A.B. asks: 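Supplied in structure tokens, the structure appears directly below.
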Protein chains: 2
Amino acid sequence: MASKERIARLKEETRINILDAALQIVKQEGWQALSLRKIADAIEYTAPIIYEYFANKEAILLELTRKGFLLLDRDLQQAKAEHRLPAKQLEAMWLAYWNFAFANKELYQVMFGVSTNCCCELVNQLPEAELPWDAFTPAIGELMHIEDLDSDVICTKYYTFWSVVHGLISINILGRDSSDDINRQVLRDAITGIIRSITP
Amino acid sequence: MASKERIARLKEETRINILDAALQIVKQEGWQALSLRKIADAIEYTAPIIYEYFANKEAILLELTRKGFLLLDRDLQQAKAEHRLPAKQLEAMWLAYWNFAFANKELYQVMFGVSTNCCCELVNQLPEAELPWDAFTPAIGELMHIEDLDSDVICTKYYTFWSVVHGLISINILGRDSSDDINRQVLRDAITGIIRSITP
DNA sequence: TAAATCATTTAACACTGTTAAGCAAATGTA
DNA sequence: TACATTTGCTTAACAGTGTTAAATGATTTA
């Protein structure tokens with residue numbers, strides 16, 4: 001009876017080992033270098049064993065994406081908790097978003113852009129993908145004095161924010177040449193600009 | 001003597017055929033589905049012949065990227081030519097940029113984000129990658145009454161513009177279902193916002 | 001002890017990019 | 001015309017990829 005649990009615990013452990021190995025490879029060599037045999041090597045198994053834990057390679061990336069969103073959400077919540085005014089909260093959160101992307105460059109790439117399936121499919125398979133939305137929109141709503149967080153106005157503002165930040169990150173992640181100073185300048189400029197534009 | 005030219009012409013033709021076939025495959029099945037054997041099939045040759053014309057697969061993608069930048073530049077110049085006021089020019093150009101990305105979704109993906117090498121390497125190998133900069137900065141400079149087009153101020157503003165537009169495109173290209181209306185709203189909002197912020 | 005289940009590996013398939021060897025036709029040279 | 005050389009192209013092969021099926025050997029069950 002108890003041995004079942006021990007075995008289940010072991011299985012769970014190698015599942016985690018697979019994800020850890022995958023993330024480590026992604027972080028060290030980039031997501032294009034990730035292969036099942038490389039993962040298997042790292043956990044000292046042969047490749048097909050992975051299919052006992054994941055349906056396919058895509059499922060591993062999806063799981064990494066989930067972990068990424070949870071990690072990102074943790075950072076966002078932390079940044080949010082440090083301020084009371086919604087304007088300050090937004091500023092801190094987008095800065096945290098920015099920092100997360102560069103602290104986890106490859107992971108960020110996996111979260112956006114690598115997976116074949118599109119955003120809508122992603123949200124279906126991965127409720128965690130909506131965590132940023134849940135984190136940001138209350139502050140936007142409070143700032144604009146709008147109760148309905150699903151209204152088009154908030155949606156538009158949220159996408160404007162996200163576009164600026166994600167765009168700047170994308171441009172920088174695929175090859176940083178412009179100085180970090182200019183980037184931070186652009187980021188702060190854009191964010192404070194948007195915040196001011198929606199402050200009554 | 002003349003036969004040499006005919007042969008050279010034929011070689012140039014199959015070079016173009018390779019690129020055309022590649023672009024067609026990319027447009028129809030996405031860039032992940034592009035394979036050398038598929039290209040070879042399309043031009044009715046076998047795979048190794050491609051290495052007579054391109055160093056490797058990456059070189060084909062690089063050439064497609066060049067074509068993409070030239071096409072984009074054509075659209076930008078056309079949009080620019082339709083207006084005189086720099087503010088109007090910028091608005092029209094970024095709209096043209098946006099339209100280009102969605103009219104050539106897969107090509108846009110190849111241009112940004114697919115290639116392994118980063119932006120700085122890309123500009124080295126591909127001077128055409130700076131065409132958008134050349135197209136936009138004069139209008140920004142005129143609007144801000146700044147002569148030096150390489151100044152940090154213009155650089156910052158250009159990256160702000162680009163981030164917004166590229167970010168919005170990225171988010172949408174990787175499968176957004178949010179209505180086109182909201183997107184255009186975000187785009188116009190952001191662009192006019194930035195333009196207003198730099199209009200004296 | 002025999003049967004059945006489980007974890008794991010080996011082998012294989014159909015792909016991928018890429019390189020080397022071979023072949024057959026076109027060309028240059030005597 | 002006859003031979004040598006170059007050219008254009010293909011076949012074969014290598015190492016790698018994701019993935020599946022079959023085999024193996026240990027562990028649990030009856």
Side-chain angles (χ1 to χ4, degrees), chain A residues 1-19 21-26 28-65 106 109-110 114-117, chain B residues 1-19 21-26 28-65 106 109-110 114-117:
Chain A
M1 310 303 151
S3 72
K4 289 251 187 208
E5 289 170 25
R6 196 200 71 235
I7 287 174
R9 216 159 42 225
L10 279 179
K11 285 211 77 170
E12 185 54 30
E13 198 171 315
T14 70
R15 204 190 115 95
I16 291 174
N17 285 342
I18 291 175
L19 287 174
L23 183 56
Q24 200 181 338
I25 295 169
V26 164
Q28 285 175 351
E29 314 179 43
W31 62 267
Q32 9 213 351
L34 183 69
S35 85
L36 294 185
R37 285 174 178 82
K38 219 176 265 182
I39 296 177
D41 247 38
I43 62 170
E44 294 180 303
Y45 279 98
T46 50
I49 208 67
I50 298 177
Y51 290 86
E52 301 281 324
Y53 300 88
F54 295 94
N56 48 33
K57 190 185 180 183
E58 190 77 17
I60 298 179
L61 293 192
L62 196 73
E63 203 57 32
L64 285 188
T65 302
E106 287 79 13
Q109 280 181 293
V110 173
V114 170
S115 70
T116 316
N117 47 18
Chain B
M1 315 300 154
S3 73
K4 288 252 188 211
E5 291 170 24
R6 196 200 71 233
I7 286 174
R9 217 160 41 226
L10 279 179
K11 286 209 79 170
E12 184 54 31
E13 197 171 316
T14 70
R15 204 189 115 95
I16 292 174
N17 285 343
I18 290 175
L19 288 174
L23 184 55
Q24 200 181 338
I25 294 169
V26 164
Q28 286 176 350
E29 314 178 42
W31 64 267
Q32 7 212 353
L34 184 69
S35 85
L36 294 184
R37 284 171 177 85
K38 218 176 264 182
I39 296 176
D41 247 38
I43 62 172
E44 293 180 305
Y45 279 99
T46 50
I49 207 66
I50 297 177
Y51 290 86
E52 301 281 324
Y53 300 88
F54 295 94
N56 48 32
K57 190 186 179 183
E58 191 76 16
I60 299 179
L61 292 193
L62 196 73
E63 203 58 34
L64 285 188
T65 302
E106 287 78 14
Q109 280 181 294
V110 173
V114 171
S115 71
T116 315
N117 47 17

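Just so you know, these numbers come straight off a predicted model, no measurement behind them. Note on naming: letters A, B, ... go to the chains in the order of the sequence lines (proteins, then strands), and numbering restarts at 1 for each one.
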A.B. asks: Scan the side chains in residues 11-18 of chain B for donor-acceptor partners under 3.5 Å anywhere in the protein, sequence neighbours excluded, and list what turns up.
C.D. replies:
| from | atom 1 | to | atom 2 | distance (Å) |
| --- | --- | --- | --- | --- |
| B/Thr14 | OG1 | B/Lys11 | O | 3.1 |
| B/Thr14 | OG1 | B/Tyr53 | OH | 2.8 |

A.B. asks: May I ask you to test the A/Leu34-A/Leu61 pair for a side-chain heavy-atom distance under 4.5 Å?
C.D. replies: yes
A.B. asks: Per the end-axis method with five pairs at each terminus, what is the bend angle of the helix from C/dT1-D/dA30 to C/dA26-D/dT5, to 10°?
C.D. replies: 40°
A.B. asks: How close or far is atom P of C/dT16 from atom CD1 of B/Ile39, stated in whole angstroms?
C.D. replies: 11 Å
A.B. asks: For B/Ile50 and C/dT19, what is the distance between atoms CD1 and P respectively, to the nearest whole Å?
C.D. replies: 13 Å
A.B. asks: Please list, chain by chain and in numerical order, all residues satisfying side-chain contact (heavy atoms from CB on, under 4.5 Å) with A/Leu23, sequence neighbours excluded.
C.D. replies: A/Lys27, A/Leu64, A/Leu107
A.B. asks: Any pair with a residue in residues 29-44 of chain B that passes salt bridge (Lys or Arg N to Asp or Glu O under 4.0 Å), sequence neighbours left out, goes on the list, sorted by first then second residue, please.
C.D. replies: B/Glu29-B/Lys38
A.B. asks: Within a strict 4.5 Å, meaning less than it, do heavy atoms of the A/Leu19 and A/Phe54 side chains meet?
C.D. replies: yes
A.B. asks: How many whole angstroms separate atom CD1 of B/Ile43 from atom C1' of D/dG8?
C.D. replies: 13 Å
A.B. asks: C/dC15 P sits how many Å from B/Glu29 CD, rounded?
C.D. replies: 13 Å
A.B. asks: Map B/Lys11 and A/Leu34 onto DNA chain D by nearest heavy atom, then report which one ends up closer to the 5' terminus.
C.D. replies: B/Lys11
A.B. asks: Check the distance between D/dT17's P and A/Ile60's CD1 and give it to me in whole angstrom.
C.D. replies: 13 Å
A.B. asks: Expressed as a whole number of angstroms, how long is the span from A/Asn17:CG to C/dA7:P?
C.D. replies: 16 Å
A.B. asks: Would you please test B/Leu36 and B/Tyr51 for side chain to side chain contact (heavy atoms under 4.5 Å, CB included) and show each step?
C.D. replies: CA-CA 10 Å; B/Leu36 294 184; B/Tyr51 290 86; 3.2 Å; yes
A.B. asks: What string of B, S and - do you get for nucleotides 9-16 of chain D, 5' to 3', if B is base contact, S is sugar-phosphate-only contact and - is no contact with any protein heavy atom under 4.0 Å?
C.D. replies: BBBBB---
